[in-house]
Amino acid sequence: MRDRFAGVTDTSRPRLLLIDGHSMAYRAFFALPVDKFSTTSGQHTNAVHGFISMLATLLRVEEPTHVAVAFDAGSTTFRTEALPSYKGTRDATPEPFKGQVPLIKEVLEAMHVRHLDKDNFEADDILATLSSQADALGMEVLVCSGDRDSLQFVNENVTVLYPVKGVSELARMTPDAVRTKYGVEPHQYPELAALVGETSDNLPGVPGVGPKTAAKWINQFGSLEQILDRAGEIKGKAGESLRDHLDVVRLNRQLNHLLTDVELPFGPDDLRVQPWDREAMSTVFDALQFRTLRERLFAMHPSADDDENAAPAVEVTVEDLAPGLLEAWFAEHDQRPLGLEVAGRPVPAGGDAWALAIADGPGSAVALDLTDLSAADDTALSDWLSDPTRAKVVHGGKSVWHELASRGYSLEGVVFDTELAAYLCFPDQRSYDLGDLAERHLHRELTPVDTSSDQGALDLSVGEDSEGGRLAVRAAALTDLAEVLRGELGDRSAEPLLTELELPLSAVLVHMERHGIAMDVDYLRELEQHFGELVTGAAASAYEVIGREVNLGSPKQLQEVLFDQLDMPKTKKIKTGYTTDAAALADLFVKTEHPFLKFLLDHRDSTRLRQTVEGLLKSVADDGRIHTTFQQTIAATGRLSSTEPNLQNIPIRTEAGRRIRRAFVVGDGYETLLTADYSQIEMRIMAHLSGDEGLIEAFRTGEDLHNYVGSRVFQVETSAVTPAMRSKIKAMSYGLAYGLSSFGLSNQLNIDVKEASKLMEDYFTRFGGVRTYLAGVVDEARANGYTATIMGRRRYLPDLTSDNRQRREMAERMALNAPIQGSAADIIKVAMLGVEKEIAVRGLRSRLLLQVHDELILEVGHGELEELTTLVREQMGSAADLLVPLDVSVGTGSSWHDAGH
DNA sequence: GCACAGGGCTC
DNA sequence: GTGAGCCCTGTGCT
């Protein structure tokens, strides 16, 4: 397949690649499965993916010096004016294809590839014009098009790349290839097509005349004109048919003639291949959720090698320090913040570090092998690291801390964290790799420049593979990157969020991760055994019912059992068939009462619980505790997340699940566990942000929120609010903060849409401020381009103005939710800082262990319970000044389960 | 070995 | 056709 691209290339001549955007995108659309390529928001991307992937291959294999993509402008052209039915069969553009062309254009713009269209003309005319101009300039031209009309301008300088299968396999249509395939010269192709017709353009030809006959006539008579003039000489049925369709042929020929004199804003010279705007590309690819493709493209062009705009190769001077001279180096460079980068394993309470680099910008850097450090240097390093007055810039300070801790170093004086700063500026990214940031914001590659033999400036082999050089280049980028990001933060008024919130919080998180939470391992093993038995039992019963053994964990096999073998009614459709999720199975059970479903659900539950227990057991460290990692830069709303293991999704809803919480226990040397959580913090924020008097009043009365709201909505006494009413109101209240529709509400509550609409209407009648607020949030976000939390944390939502309904509505729901979820995240972060600080001020041993979004879990030192309880209540309760009180409930116990409430 | 889909748990 | 996460298994691909 690659061979098809591997034509002979003349490296001295400029080579222009022209692409018919519409036809290739359309091909791509049909070549790739539409259901396999779409974003989580529902935008289809198969055509975009296929097109860009093809473009990438062409750029790599053909190495054009110039490139452009032409699109059809509108639905009318001079051709449709001449023949309204022209391309008439194409009007039914498939829905999932619509909207993908603008996305392709976005990517092209980011890649600095010119794209053009012109009213009244087709892409082919633009290509023909550019091609003939380029040919005249002596350029070699490659035209990539799925429209056979383009074959007419093939010559020894112009080759058409015609898709034979999908968009990855292209046939190289040289003059010889055209002759072989069609039996006519390239310039005669439109004459042949005029006779044969072109179904894709809805142009009928002469009935009974195919390509073979047409080619025979053209060769016999020399030209179409001659054929038409001498049509009378042609014998047989074909001749007769021709004579009946002379007008058709003339019109076809008129339509399939491509113009070579379209006026265009650019000439071939203006189409030089440009360096990419990697930042913009990343943004678009992030939005399209193209991970692999992005990597593939970026890997293709490891460096911007074009002369202008090229990333300047920054050489980092790595000083070859003799042992014992580190102190002196610090004395010379320690006046400004220094970049610090460490090589190691950033595992909480089990990390490692083997090398490190410190840099005063690119001018001077040192790289140190931590496994082989002189005593003097070790002291100098340790003093510098632990001195809060000596400023450091790091990338992901929490990891650095864990790494350094493994060698007994502490880290103080971090004044800037480039990862946290990038997160605050661009919270929707999934990762903030230092190399990517340097590339985007400094236009700098973080690969060590190999100056090899000459005095080996970078050849400082610390560890294998010149780790020292790599680290030094990264450390050297930190201070420069910090400057750029400081500016970005300033643009967003986000500096205080970094220095007063996230940066100090990262230190708190370090402590929490390092402490971990104690586990009752013996009890966990019992649970594992217990759940294991339940799994086996449920599986055996399920097999017995259906008379065979299947893998109950395989949705595919389950579908066979349910819908083929047992012939149950079909559930909601999913990509791979019909769903077998719990809601659907419960629904099926109501309908069929088939015992298999019961056992299957039991099996699911028990398997899940066993899995959770197994995962926890594997995560227990040598100290008998689990040290999760809190991700501080993942959730776009500002929340934390927890990984390895995730301790923020430990079961609580079912009794069986709650038993797992008993395994989280107070550690030796501590009195008890304490949990403190905000009650209804999101609704309180809703009340605050909306200023709705009714909702504010609800929180001030101290009445149960959902009962109170229910009594207003249903217009009954609070004592008359039934549990059913209360749960409807609860679902509704929380749904509102997520952008819930009446359809969604009806689904959730199993009521019809009409009733759901009525419920929403009644709700808004009583709490009109909420409706006004929610509508205002979206409007404001659309106008500003972002939402903001009470502390000014922004989330940018460009899709609010998208033409695509799915994307736009998704962005609207995000706009509704982000200020609420994000403000709650801000508040608990402030509370964590307050708790940590107050504990330190009072010299308590108690310590924070976990955060679960609106809940803190602490380990209480002996005799500190009372003081700590007060302290935690105070700090959490005063973390924000809202129009409603922040209510905190506290519980204690020797396990997480017992401390819960 | 990897990426994706389906499923399910939390707030 | 309600937001934000993490992680397991099965499956199909390379």
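Naming convention: chains lettered A, B, ... in sequence-line order (proteins, then strands); numbering from 1 in each chain. These numbers come from a predicted model, not from an experiment.
Checked against the 6.0 Å centroid threshold, A:Tyr738 and A:Tyr734 do not count as a close aromatic pair.
Within the 4.0 angstrom heavy-atom criterion, no nucleotide atom of any strand lies near A:Ala737. Contact annotation for A:Arg610: no contact, since no heavy-atom pair falls under 4.0 Å across all strands. A:Arg795 comes within 4.0 angstrom of the backbone, heavy atoms only, and of no base. Note on A:Gly735: nothing from the nucleic acid sits closer than 4.0 angstrom, heavy atoms only. Within 4.0 Å (heavy atoms only), A:Ala636 reaches sugar-phosphate atoms of the nucleic acid but no base atom. Looking at heavy-atom distances under 4.0 Å, A:Ile634 makes contact with sugar-phosphate atoms alone, never a base. Within the 4.0 angstrom heavy-atom criterion, no nucleotide atom of any strand lies near A:Thr612.
A donor-acceptor contact shorter than 3.5 Å is absent between the side chain of A:Ser399 and the backbone of A:Pro346.
Atom CD of A:Glu812 and atom P of C:dG1 are 14 Å apart (whole Å). Rounded to an integer number of Å, the gap from A:Arg807 CZ to C:dG1 C1' is 18 Å. In this structure, CD1 of A:Ile685 is placed 13 Å from C1' of C:dG3, rounded to the nearest angstrom. Atoms CD1 (A:Ile820) and P (C:dG3) sit 13 Å apart, rounded to a whole Å. C:dT9 atom C1' lies 12 Å from atom CD of A:Glu614, rounded to whole Å. In this structure, NZ of A:Lys572 is placed 15 Å from P of B:dA5, rounded to the nearest angstrom. Note: NE2 (A:His603) to P (C:dG10) measures 10 Å, nearest angstrom. In this structure, CG of A:Asp428 is placed 13 Å from C1' of C:dG3, rounded to the nearest angstrom.
Set against C:dG1, C:dC6, C:dG3, the side chain of A:Ser741 has C:dG1 as its closest nucleotide.
More than 12 heavy atoms of other residues, nucleotides or ligands shown are found within 6.0 angstrom of CG on A:Asp564.
Here the closest heavy-atom approach between residue A:Leu673 and residue A:Leu849 is recorded as CD2-CD1, 4.0 Å.
A:Ser889 and A:Asp677 share a side-chain donor-acceptor pair at under 3.5 Å. A:Glu644 and A:Thr629 form no side-chain donor-acceptor contact under 3.5 Å, judged by distance and modelled atom types alone.
In terms of position along DNA chain C, the nucleotide closest to A:Thr637 lies nearer the 5' end than the nucleotide closest to the other residue of the pair A:Thr637 and A:Thr643.
Using bins of under 30°, 30° to 60° and over 60° for the plane-to-plane angle, the ring pair A:His594/A:Phe596 lands in the perpendicular bin. Ring geometry for A:Trp896 against A:Phe664 counts as perpendicular: the plane angle is over 60°, on a 0 to 90° scale with 30° as the lower cut.
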Expected list for residues 749-756 of chain A: side-chain donor-acceptor pairs under 3.5 angstrom, two or more places apart:
unit_1	atom_1	unit_2	atom_2	d
A:Asp752	OD1	A:Lys754	N	3.2
A:Asp752	OD1	A:Glu755	N	2.8
A:Glu755	OE2	A:Lys728	NZ	3.3

Each nucleotide N or O in nucleotides 12-14 of chain C that has a protein N or O under 3.5 Å away: list the pair and distance.
unit_1	atom_1	unit_2	atom_2	d
C:dG12	OP1	A:Lys556	NZ	3.0

- Mark up nucleotides 6-11 of chain B, 5' to 3', with B wherever a protein heavy atom is under 4.0 angstrom from a base atom, S wherever such an atom reaches only the sugar-phosphate, and - elsewhere. SSBBSB
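We find that A:Arg782 and A:Asp779 are joined by a salt bridge, their nearest charged nitrogen and carboxylate oxygen being less than 4.0 Å apart.
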